[in-house]
Amino acid sequence: MATNGKKNHNNKKRIVKVKVRFSWKNFFLYGFLILFTLFLFMGFGSSFESKQTVPLSNVIQDVKSGKVTEISVADTQLTVKEKGGKTLYSTKESGTSIYSIFKDSGVDLTKTKISVQDTSGVSNWLNIISSVLPIVLMIAFFYFIFRQARGAQENIFSFGKSSAKQFNKDNPKVTFANVAGVDEAKQELTEIVDFLKHPEKYRAMGARTPKGVLMVGPAGTGKTLLARATAGEANVTFFSMAGSEFMEMLVGVGASRVRDLFNTAKKAQPAIIFIDEIDAIGRQRGMGLVGGHDEREQTLNQILVEMDGFTPNEQLIVMAATNRPDVLDPALVRPGRFDRKVVLDMPDVEGRKAILGIHAKGKPFTPDVNWEKVAKRTVGFSGADLENMLNEAAILAARLSKKAIDMKDIEEAATKVKLGPEKKRLQTEEDRKMTAYHEAGHALVSWYMPQVEPVHRISIVSRGFSLGHTMVEQIERSHETKSRLLEMIAMMLGGRAAESLIFNEITTGASNDIEKATDVARSMVIEYGMSNLGAINLDLEKRSMYEVREVSPEMQAKIDEEVKRIMDEGYAMATKVLKSLRPQMDKVVEVLLQKETIESDEWISIVGEKEKRVSPFAEKKKA
Ligand code: ADP
Ligand code: MG
Ligand code: ZN
């Protein structure tokens, strides 16, 4: 989909060339290798032949006995032809004439033909070449190595010739129809689309034309997708670059890349420039080794300069995305820059249904798949999670050679996306029992608590880091009540309470539960004003970078005290509930050890429907 756009890359048909690349570097490299091999052969040449070499005395002997018909001499090499076609090789000392050798030995040379090749010229040349060539090759070799290194450096300076990905109009188009569950964001962006399509309308009214849009939202909510869709909807060119891509080893590169990106986009307008994950530039103070503060700042400044430099005639929109708006430099969001903010939230149940609808296209499903139910059960899933889930479900169904994806595949895929794949761990019987009681503890406390949703599944199959899991159905709420939060804390601590109750021993398996419960308790105290400290915000972490807020040490001690009190109460409540439900707990554990997983129907058949009762925490409040 994404063509790695060179400048002015017109998206005509792309021809994939099978490249047999000629380059001087390769030419010399291979040339060097070939010549080197040749030299090797030449050098060893004589030793190969020496296998058949006979001593000169033998040759003299043979000549004497009249066997030899012909001797040819080249430098020190003698080739001796004998009667019967045999060929011998021999050597003589250089500088001595063959004639004098034979004469000294008293050989009659009349019967033997002797030819002497004048090799002096050739060997001189060979000598020269063999001494000079290696040097030439060495120089050439280093020259090209050097050139290549310099070339790499040039690449940095040349800003990788706009490494921005460019999506043109005729690419597989993404439009608003491909994005679901973010209707408000789409609504806001329609204005941008309208401006890109009919800029004259806005200019006639003297309206300040929009320049920058900042898209804010958690990961996977479709920020990148929506930016592309905006370009698709407006039918303009889309330049996309991630914030981190601006950063290089050298200071100033980021800024020059920004300049180049904007220049390229200006030539291609109307266009949208999209800077993904802009927090990579927008924050990172004193990042350390490479890049660093200066680089970040220069890059950021360049973006601001470019945006300020737009003339009213420019049909250019800069979009940026981040999931950390809190860390962005305030200069970025001033009027005339990223002054429009589009917020993308995690999809609600209707949104999830719509997103599922988009990604279910092209996949076969059995008729039993109930999208309503899937959407309801996927609370907390982002668009990317949902897409991932359907993909996992499809893989699962394919692996089991099914014809279509069924509800069970989707369930399994959802669990996998949220908790990681099943893990086969070696567990002792004692471990399993411990886990079973732990999970049964969660499940029974949640079953007892009137405001916690019914149990959806309990399992002692380990996944990711967890040994087991208990899932309750989830519904979205616009607000939480204090008593429900306390019920949740009790439920989260139910696992630990069960361990302690049954085994008189506690495990590390509850650490995650404790962490989550503490988070809730802490929020109750410092954010929601739900503790004895009253309605007061004591949240220090939420303060912005430019504001210093402090809490006195006495208050801090009170906060810690309150958090501890809430946790203790939750734990005591969980223990109390589980004590009263001991028979049910044993039964649940028995089934868990046998089947490993209990689904909601079976759960009800074991412990019965959830009973209606007043929240134990609400009672306490009245008293
Ligand atoms: P972000 O940039 O917010 O992290 P992405 O846009 O990269 O999220 O989303 C990743 C993928 O998840 C998208 O390509 C798309 O397939 C899917 N997705 C996310 N949100 C939505 C949505 N609202 N509607 C449809 N698909 C979505
Ligand atoms: Mg993204
Ligand atoms: Zn637990």
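What you are looking at is a predicted structure, and each value in this text was computed from that prediction instead of being measured. Just so you know, ligand 1 is whichever comes first in the structure, and atom 1 is the first atom listed for that ligand.
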Legend entry - Rounded distance [0.5 Å steps], CG in Asp183 versus CD in Glu350: 10.0 Å
Legend entry - Atom indices of ligand 1 within 4.0 angstrom of Ala219 heavy atoms, with elements: 4 (O)
Inset, instruction - Identify whether the distance between the nearest side-chain nitrogen and carboxylate oxygen of Asp586 and Arg582 falls below 4.0 Å. - result: yes
Legend entry - Carboxylate-amine/guanidinium contact Arg457 Glu411, below 4.0 Å: yes
Inset, instruction - Please confirm whether Ala180 comes under 4.0 Å of ligand 1, counting heavy atoms of the residue only. - result: yes
Inset, instruction - State whether Glu569 and Arg565 are salt-bridged, where the test is any N-O pair (Lys NZ or Arg NE/NH1/NH2 against Asp/Glu carboxylate O) under 4.0 Å. - result: yes
Legend entry - Heavy atom of His359, distance to ligand 1 below 4.0 Å: yes
Inset, instruction - Can you figure out which of Gly222, Gly357, Ala185 has its heavy atom closest to atom 9 (O) of ligand 1? - result: Gly222
Legend entry - Euclidean distance, Gln451 CD relative to Leu485 CG, rounded to 0.5 Å: 9.5 Å
Legend entry - Distance-only polar pair, side chains of Asp431 and Thr435, donor-acceptor under 3.5 Å: no
Legend entry - atom 18 (N) of ligand 1: nearest protein contact (heavy atom, Å): Gly383 C, 3.6 Å
Inset, instruction - Answer yes or no as to whether an N/O/S atom of His442 is found below 2.8 Å from the Zn ion (ligand 3). - result: yes
Legend entry - Whether Phe274 and Phe238 hold their rings parallel, tilted or perpendicular, with breakpoints at 30° and 60°: parallel
Inset, instruction - For the residue pair Gln302 and Glu306, confirm or rule out a side-chain donor-acceptor distance under 3.5 Å. - result: yes
Inset, instruction - Could you find the nearest protein heavy atom to atom 16 (O) of ligand 1 and give me its residue, atom name and distance? - result: Glu387 OE1, 2.7 Å
Inset, instruction - For the Zn ion (ligand 3), find the closest N/O/S atom belonging to Asp513 and write down its atom name. - result: OD2
Inset, instruction - Check His438 and report its N/O/S atom nearest to the Zn ion (ligand 3), by atom name. - result: NE2
Inset, instruction - Please lay out, stage by stage, how Glu596 and Arg432 fare under the test salt bridge (charged side-chain N to carboxylate O under 4.0 Å, His left out). - result: CA-CA 9 Å; Glu596 299 204 326; Arg432 290 181 77 231; 3.3 Å; yes
Legend entry - Side-chain ion pair, Asp385 and Lys418, N-O less than 4.0 Å: yes
Legend entry - Asp276 N/O under 3.5 Å from ligand 1 N/O: no
Inset, instruction - For atom 6 (O) of ligand 1, state which one of Val174, Val179, Leu225 supplies the nearest heavy atom. - result: Leu225
Inset, instruction - Answer with side chain, backbone, both or neither: which part of Leu226 has a heavy atom less than 4.0 angstrom from an atom of ligand 1? - result: neither
Legend entry - Thr224 contact mode with ligand 1 (heavy-atom cut-off under 4.0 Å): both
Inset, instruction - Examine ligand 1 and decide if any of its atoms is less than 4.0 Å from a heavy atom belonging to Gly220. - result: yes
Inset, instruction - Before signing off on this row, confirm whether Ile355 and ligand 1 have an N or O atom pair separated by under 3.5 Å. - result: no
Inset, instruction - Could you tell me which atoms of ligand 1, counted from 1 in the order shown, lie closer than 4.0 angstrom to a heavy atom of Asn178? - result: 24 (N), 25 (C)
